[in-house]
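Since the structure comes first, as structure tokens, the remarks are kept for the end.
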Protein chains: 2
Amino acid sequence: MLKRSFEPACRPGMILTVNSSGSTKERILGAAEALFAQHGFDGASLRQLTTVAGVNLAAVNYHFGSKDKLVEQVFRRRLDALNQHRLAELAKVVGQPQTTLEDVLAAYIRPALELSHDGNGSLFMRVLARAFAEHDDTLRQFLSENYGHVMRQFTAEFARLLPQLSKPELYWRIDLVTGALTHAMSGFGMIQRKSDVSEHLHREQTAQHLIRFAVAGLSHP
Amino acid sequence: MLKRSFEPACRPGMILTVNSSGSTKERILGAAEALFAQHGFDGASLRQLTTVAGVNLAAVNYHFGSKDKLVEQVFRRRLDALNQHRLAELAKVVGQPQTTLEDVLAAYIRPALELSHDGNGSLFMRVLARAFAEHDDTLRQFLSENYGHVMRQFTAEFARLLPQLSKPELYWRIDLVTGALTHAMSGFGMIQRKSDVSEHLHREQTAQHLIRFAVAGLSHP
DNA sequence: GCACGCCATAAACGATCGTTTGACGGCTGC
DNA sequence: GCAGCCGTCAAACGATCGTTTATGGCGTGC
């Protein structure tokens, strides 16, 4: 059921395409993303990680200070870009005369979807799904402190577009939709790869499905 | 970000009410459920676990064979009952002349909700949410082998009630709904405790919300 | 009475963990 | 030329991991 073995995790067909490209810090971050997605934060050891990254064992503590700090940087690297992207998209649609729920949801979902379709980005979505499942208070606080304002801005927009819903009701629905999206995004790494034909069309279809699902989940009577 | 420290995990206000009740095996299963929910399968050590359970360190390997087997039993104990309950509820509604989507979803959701509202059962839902996020193939196979027939039965019923949806479309929506439910159930351990007044009413409201959300997510045009 | 299975216990096993250390080469600026 | 920082490296540190072993108490059946 559990696996922490070292050797089989490095079998030939593995991801370990991360090494031999970019600086040491970037290689570590890439390998960390892949191994955290596969084996979790506890399950992935620094020895696996540095082997996959093709760097020395001590490099992690030299460049990041500790394993925990490395975890934090793995989150920061992706979430900074993701939430910036989300805010930019949101700013675009709220400026328009007739903002719809679909527009706002697209601003929330599309950036995450693009990330999950971009090679290593899909691995990060799995890391994120793991993190949500952890229910760790430290992580919760980290997310709230650094990216809480984004969620608050979107929530305010949802509240404006769905005035018939009470606050608890709205929060609840947002929570459910968030769960569905996280679940879906973290799974795309596997589903999506089944047919790589017309990648762009597939991505557009996916976006439409997710947005429609979210609209239905948020606005049903 | 990560915590595997031993001492603070056993601070006074902790869950550790598990010990000193029931047989050794049951105490171990209870403590395992709680610690796996909090710290994950890798993060929870057998030494924490046996301390919380009030049993000897060797007891786990004596009664279960290994830590992995213990994990499996933690799943079996709850999932056997849960899926049996689900099938019983499903059998009730499909026997009726006019089966609705709400009925089938209620048969799927209510048993899980009851489990998540029952003390340690809510901890198990968190364990389950973790397991889903792991994306572990071994676990996937375990679930498919032992409980796949339940999901297949429900899926067939969904397909019968939603003939306008293509198979891929249906599977997708089920996946999204499953993600939302797992996310929600695993979170109830925290949300629900905020107001313990009229527990039964709250539970009924929750069930209604989840079912309506699922109906909307599955059957939107 | 006593041999035998069942279970709890303490102690130890080897392996692996995250982290630290000290030495070594390559580079820049004086 | 050489002092000084930077990044890399092998090696070791103590701690903790899952698992195994040896011992002994306790009850049951012959």
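Chain identifiers are assigned alphabetically (A, B, ...) following the order of the sequence lines, protein sequences preceding nucleic acid strands; residue numbering begins at 1 within each chain. The analysis underlying the following values was restricted to heavy atoms, covering all of them including side chains, and did not include hydrogens, waters or symmetry mates.
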Task: Gap between atoms CG and C1', on B:Leu46 and D:dT20 respectively (whole Å) - done: 13 Å
Open item on the list: Please determine whether a side-chain nitrogen or oxygen atom of A:Ser45 lies at a distance below 4.0 Å from atom OP1 or OP2 of C:dT16.
Closed with: no
TODO: Would you please name every residue forming a ring pair (Phe, Tyr, Trp, His ring centres under 6.0 Å) with A:Phe64, sequence neighbours left out?
DONE: none
Task: Distance, rounded to the nearest Å, where A:His39 contributes NE2 and C:dC17 contributes C1' - done: 15 Å
Task: Residue pair A:Met185 / A:Leu115, side-chain heavy-atom distance below 4.5 Å - done: no
Open item on the list: Once ring pair (Phe, Tyr, Trp, His ring centres under 6.0 Å) is applied, do any residues pair with A:His149, and if so which ones, sequence neighbours excluded?
Closed with: none
TODO: Let me know the distance between CG of A:Leu49 and C1' of C:dT16, rounded to the nearest Å.
DONE: 15 Å
Task: For A:Thr50, the option from A:Thr24, A:Val60, A:Ile28, A:Asn56 that meets side-chain contact (heavy atoms from CB on, under 4.5 Å) - done: A:Val60
Open item on the list: Give me the atom names and distance for the closest heavy-atom approach of B:Gly54 to B:Arg27.
Closed with: O-NH2, 3.5 Å
- [ ] Taking the side chain as every heavy atom from C-beta outward, state whether A:His39 and B:Glu134 have any atom pair closer than 4.5 Å.
- [x] no
- [ ] Could you state the atom-to-atom distance from CG of A:Leu70 to C1' of C:dT19 in whole Å?
- [x] 14 Å
Task: Interatomic distance where CG belongs to A:Asn61 and P belongs to C:dT19 [whole Å] - done: 5 Å
Using atom names, set out every protein N or O paired with an N or O of nucleotides 6-11 of chain C below 3.5 Å, distance rounded to 0.1 Å.
{"residue": "C:dC7", "atom": "OP2", "partner": "B:Tyr62", "partner atom": "OH", "Å": "3.4"}
{"residue": "C:dA8", "atom": "OP1", "partner": "B:Thr24", "partner atom": "OG1", "Å": "2.4"}
{"residue": "C:dA8", "atom": "OP2", "partner": "B:His63", "partner atom": "NE2", "Å": "2.9"}

Task: Under the side chain to side chain contact (heavy atoms under 4.5 Å, CB included) test, residues paired with A:Arg173 that sit two or more places apart - done: A:Leu165, A:Glu169, A:Leu218, A:His220
Open item on the list: Does any part of the side chain of B:His183, heavy atoms only, come nearer than 4.5 Å to the side chain of A:Leu176, both counted from C-beta?
Closed with: no
TODO: Using atom CD of B:Gln48 as one end and atom C1' of D:dC17 as the other, report the distance to the nearest whole Å.
DONE: 11 Å
Sub-3.5 Å pairs of nitrogen or oxygen atoms, protein against nucleotides 22-28 of chain C:
none

Task: Gap between atoms CZ and P, on B:Arg47 and C:dC13 respectively (whole Å) - done: 14 Å
Open item on the list: Rounded to whole Å, how long is the line connecting atom CD1 of B:Ile28 with atom P of D:dT19?
Closed with: 13 Å
Task: Results of ring pair (Phe, Tyr, Trp, His ring centres under 6.0 Å) for B:Tyr108 - residues two or more places apart only - done: B:Phe154
